[in-house]
Amino acid sequence: MLYNPQVIERKWQNKWKESDAFKLTNDKAKQSDAKKYYVLEMFFYPSGKLHMGHVRNYTIGDVVARYKRLKGFDVLHPMGADAFGLPAENAAIKNKMPPKKWTEQNISSMYEQLAGLGISYDWERSVETCKPDYYKWTQWIFTQLYKNGLAYKKKSYVNWCPDCATVLANEQVVSGKCERCGSEVGKKDLEQWFFKITNYAQELLDDLDNLKGWPEKVRLMQANWIGRSEGAEITFDIAGGEGDTKNLTVYTTRPDTIFGCTYMVIAPEHPIVAELIKGTQQEDECKNFINKIKFMSEIERTSTDEKLGVWTGRYVINPYNNEEIPLYLANYVLMDYGTGVVMAVPAHDQRDFEFAKKYNLPIKISVQPKGEQVKSGDLTESFAADGVLFESGQWSGMPNREALTKMIDYAQENNFGKKKINFKLRDWLISRQRYWGAPIPIVYCPKCGEVCLDEQDLPVILPENVEFTGKGTSPLLTSEEFMHAKCPKCGGDAKREADTMDTFVCSSWYFLRYCDPKNSAKAFDRDVVDSFMPVDQYIGGVEHAVLHLLYARFFTKALADLGYLSAREPFANLLTQGMVLKDGSKMSKSVGNVVSPEEIIQKYGADTARMFIMFAAPPERDLDWNDSAVEGLYRFLNRVWRLVTDYDSVIKDGNSSENKKLDDELNFALNSCVKKVSDDIERFAFNTAISSIMELVNVAYTYRANGGANVALMQQVAQKIVVMLEPFAPHIANELAEIIGFPITEWITYDASALVQANIEVPVQINGKLKDKIVVPTGSDDDVIKAAALESDKVKAALDGAEVRKVIVVQGKLVNIVK
RNA sequence: GCGGGUGUGGCGGAAUUGGCAGACGCGCUAGAUUUAGGUUCUAGUGGGCGACCGUGGGGGUUCAAGUCCCUCCACCCGCACCA
């Protein structure tokens with residue numbers, strides 16, 4: 001009987017499907033004696049075809065799920081589709097196929113492909129975010145956020161992707177380009193919907209410290225994105241200013257350097273600028289400058305370090321020393337951070353230093369390095385480190401960190417400043433001018449104004465009679481039927497909000513819906529969710545480090561605060577798997593180095609694909625696809641197949657014989673393998689787990705070749721190999737289990753006593769260099785081992801009569817002789 | 001610029017706590033089986049004739065360093081005028 005993956009894989013997949021083999025029958029976890037384990041892979045976007053990245057992601061999750069199941073856990077392992085989004089809409093425009101149809105076709109095809117990999121999902125729990133019974137609750141969450149002040153509409157200067165014809169969240173702009181399509185992102189002044197994620201900035205930052213099971217890299221990326229900084233706001237009077245131009249407030253993290261402040265800078269797009277420059281001699285020059293900056297794209301503006309500026313014609317007064325300093329417009333000040341106004345201290349800030357040099361502004365030292373007296377004219381760059389205050393009034397001579405606090409207190413006492421904490425994190429812009437998304441559950445009533453719908457009016461169904469323009473206004477505007485609504489407050493005619501929600505909104509809570517996917521009365525039941533959450537192991541690509549993973553954390557905290565669940569963090573452990581490369585670069589159509597999973601499955605079977613992908617590299621590292629190494633894994637599975645079936649026929653012959661030495665060797669290999677594979681899977685070292693199984697298979701072959709024929713032992717070996725293989729290559733494992741009549745029901749254990757051998761081999765070093773290996777009885781005293789080591793001929797020869805200064809015996813490891 | 005990661009045979013990688021560097025696999029070489037190719041099996045495979053030398057380079061700690069410390073280099077990823 002030959003190994004035929006195509007036949008057995010289909011057989012087992014059908015079996016699993018027909019018996020709902022991986023269905024989690026409990027409504028709640030923890031009701032049974034078993035412990036729950038929630039393993040989750042990031043759900044897929046229904047592009048139509050699985051790629052190797054999916055195969056890797058989902059195989060990792062499946063190994064964990066199958067292993068935990070065999071260990072007796074109640075494993076929650078669901079899959080679904082992140083089904084709203086632009087590609088469906090673009091495909092609709094291109095192929096004249098409704099997005100819904102395109103998406104649904106792709107979803108069912110991808111579910112089939114996943115089943116073809118033998119992934120053990122609880123299919124009954126699948127959720128698709130584009131279905132009304134899901135997005136009803138996405139909309140409901142919006143209403144909850146709205147009612148609690150966490151969703152609001154405001155006019156603002158937002159990111160605009162011209163190709164996607166929609167606005168984008170800050171997180172979706174990567175170095176000035178659209179995260180999706182790579183187009184250069186522009187700015188537009190629009191009224192848009194936001195979620196108040198900034199309310200959670202501090203908690204999102206603080207709780208990162210508790211996420212010990214997350215990669216350091218991801219935690220740091222989030223911390224940087226949140227970008228907390230401590231400082232002060234200080235108000236400067238404007239010389240000759242009154243009314244709107246009475247004063248300006250700056251944000252600074254270094255108020256201790258304020259005696260070195262020689263000018264002030266305001267962002268050119270700051271709304272007060274027009275008023276400020278009006279009627280000054282500089283008015284025309286400033287207007288020209290503002291226009292110039294306006295016409296620069298985001299990329300042009302940020303890609304240059306060149307600092308450009310112009311004097312406004314105005315002066316401001318430093319409240320600490322009453323000095324008048326000039327007020328400049330400059331490209332290097334950002335409107336949307338702090339107050340949009342900055343006090344410039346060239347001596348202690350590199351940007352200010354460069355600007356001051358260029359425009360010949362004074363440089364004044366206010367912090368000296370400890371024990372030094374630097375002259376400002378000698379500076380070749382700014383001095384940003386700590387030191388002692390210099391020429392700074394009553395604070396002169398004080399260590400700057402101490403002065404910093406005291407100077408803020410002084411500002412507070414004199415009513416011109418206060419302590420201030422700032423974050424880089426902005427509120428999350430969630431409206432999109434696109435069709436294929438969850439409609440925002442808001443209507444505009446001529447009488448009542450902006451009205452948020454109540455739960456009984458949900459879902460707001462996405463209409464199908466819509467024109468796709470791709471022109472930047474929401475396609476929903478073209479559906480009169482949709483746009484026309486009744487105001488829930490007064491019952492009068494009202495208009496619907498035409499924008500839809502960012503798909504990241506839909507994916508920020510799907511892991512909660514999996515816990516209670518069929519609930520038609522609620523988004524999810526609190527008790528049920530509490531019994532499963534948090535996700536014990538989340539697995540996905542690192543590209544979501546600050547998008548999905550930050551939003552999902554925000555949703556979890558907000559929903560917890562509203563009383564809908566207990567967990568304040570969604571994902572206890574996170575594994576970010578590496579990319580699948582071919583010839584050193586990412587698989588992509590344009591490079592032409594794509595290896596399709598289908599092709600591999602057809603040629604070698606899903607088990608081989610899974611084995612290769614788990615064997616070729618540790619999960620978090622990039623993995624280079626290698627066709628001949630894939631064949632190697634196929635060879636290995638054939639080798640396992642032959643070994644087990646051959647053993648089986650020997651066992652059935654019943655001619656058993658014992659050979660203590662051979663039997664001991666095999667028994668030792670067997671037990672150490674079981675221990676190693678268990679340990680390795682626990683620590684996600686799947687590659688070494690597989691290599692250990694390979695070693696055992698090699699030993700098992702040698703055993704037979706040398707005449708080993710202990711039937712009971714061979715039976716154990718066959719059974720345990722099959723169980724250990726199950727998480728990685730479930731089809732062949734179950735088929736072999738059936739052949740040898742040993743159903744796989746639980747993980748296997750090892751016999752610790754079998755790991756203790758009568759004799760052990762001890763390496764002997766001289767000065768740390770290996771010279772010989774000696775064999776001593778297990779458990780020998782240091783003295784015995786030492787004597788044996790010194791007896792060795794090789795050691796004697798290497799010592800060549802030299803004096804032995806010291807002998808170090810490390811039990812269970814080695815002997816080192818120091819000469 | 002700031003932050004993080006990586007660097008080990010021809011290749012992917014192993015060495016979990018400072019203790020035999022190169023497990024396991026690919027590739028390669030030779031042989032057996034075979035009409036032949038493929039499959040399968042066996043042996044070998046870091047370098048050097050050797051003493052020895054070898055984990056990106058240099059230095060250090062230690063009886064012992066891929067692993068710890070200092071320093072330099074290369075590549076990759078993230079952020080990037082955040083005051």
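In what follows, every chain begins at residue 1, and chains take the letters A, B, ... in the order their sequences are listed. Because only heavy atoms are used, hydrogens play no part in the values below, and waters and symmetry mates are left out as well, while side chains stay in.
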Give a yes or no answer on whether the side chain of A/D352 reaches the backbone of A/H348 with a donor-acceptor pair at less than 3.5 Å.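 No; judged by distance alone, with no hydrogens or angles, the pair does not exist.
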
Distance in angstrom units between [X] [atom1] and [N] [atom2], rounded:
X      : N     : atom1 : atom2 : answer
A/N767 : B/C52 : CG    : P     : 12 Å
A/N170 : B/C79 : CG    : C1'   : 13 Å
A/M614 : B/G25 : CE    : P     : 18 Å
A/E631 : B/G38 : CD    : C1'   : 11 Å
A/I421 : B/A83 : CD1   : P     : 13 Å
A/F615 : B/G13 : CZ    : P     : 11 Å
A/I226 : B/G3  : CD1   : C1'   : 15 Å
A/W214 : B/G78 : CH2   : C1'   : 16 Å

Which listed nucleotide ([options]) is nearest to the side chain of [X]?
X      : options             : answer
A/Y337 : B/C79, B/A83, B/G78 : B/A83
A/R635 : B/G3, B/U40, B/C63  : B/U40
A/K217 : B/A83, B/G4, B/G13  : B/G4
A/A616 : B/C63, B/G12, B/A83 : B/G12
A/R642 : B/C41, B/A14, B/C63 : B/C41
A/D349 : B/C26, B/G13, B/A83 : B/A83
A/K773 : B/G27, B/G3, B/C20  : B/C20
A/M694 : B/G13, B/A21, B/C24 : B/C24
A/L633 : B/A21, B/C81, B/G25 : B/G25
A/P763 : B/C20, B/C26, B/A83 : B/C20

Residue-phosphate contact under 4.0 Å: [X] side-chain N/O, [N] OP1/OP2:
X      : N     : answer
A/Y332 : B/A83 : no
A/N224 : B/G4  : no
A/T688 : B/A23 : no
A/K771 : B/C52 : yes
A/R621 : B/G5  : no

Does the structure show a Watson-Crick or G-U wobble partner for [N], both distances under 3.5 Å? Name it, or say none.
N     : value
B/C79 : B/G1
B/C24 : B/G12
B/G37 : none
B/U29 : B/A43

On the 0 to 90° scale, with breaks at 30° and 60°, tag the A/Y337-A/Y251 ring pair as parallel, tilted or perpendicular. perpendicular

For [N] and [M], measure between their [atom1] atoms and round to the nearest Å.
N     : M     : atom1 : value
B/G60 : B/G18 : C1'   : 15 Å
B/C73 : B/A15 : P     : 30 Å
B/A80 : B/C2  : C1'   : 8 Å
B/G38 : B/U33 : P     : 15 Å
B/C79 : B/U71 : C1'   : 27 Å
B/G44 : B/G56 : P     : 28 Å
B/U55 : B/U8  : C1'   : 4 Å
B/C72 : B/G4  : P     : 15 Å

A/F612 pairs by ring-ring contact (aromatic ring centres under 6.0 Å, His included) with which of A/W625, A/F728, A/F686, A/F636? A/W625

Looking for any heavy atom pair under 4.0 Å, which part of the strands does [X] touch: base, sugar-phosphate only, or nothing?
X      : result
A/G227 : nothing
A/D336 : nothing
A/N698 : sugar-phosphate
A/I808 : base

Note: for A/W225 and A/T339 on RNA chain B, the residue whose nearest nucleotide lies more 5' is A/W225

Which residue lies more 5' along RNA chain B, comparing A/K676 with A/D624 via nearest heavy atoms: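 Its nearest nucleotide being more 5', the pick is A/D624.
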
Base orientation of B/G50, syn vs anti, 90° cut from 0: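 What B/G50 shows is an anti base, its glycosidic angle lying more than 90° from 0.
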
Would you call A/D679 and A/K675 a salt bridge, taking side-chain N to carboxylate O under 4.0 Å as the test? yes

Using a strict cut-off of less than 4.0 Å between a Lys/Arg side-chain nitrogen and an Asp/Glu carboxylate oxygen, indicate whether A/E184 and A/K177 qualify as a salt bridge. no

Around atom CZ of A/R805, are there more than 12 heavy atoms of other residues, nucleotides or ligands at under 6.0 Å? no

Ring of A/Y701, cation from A/R639 - is the NZ or CZ under 6.0 Å from the centre and inside 45° of the axis? yes

Any N/O donor-acceptor pair, A/K813 side-chain to B/U17 base, under 3.5 Å: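 Looking at the base of B/U17, it does not pair with any donor or acceptor on the side chain of A/K813 (distance under 3.5 Å).
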
Output the distance between atom CD1 (A/I760) and atom OG (A/S780), rounded to the nearest 0.5 Å.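 Answer rounded to 0.5 Å: 7.0 Å.
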
Separation between CG (A/N170) and CH2 (A/W428), nearest 0.5 Å, reads 12.5 Å

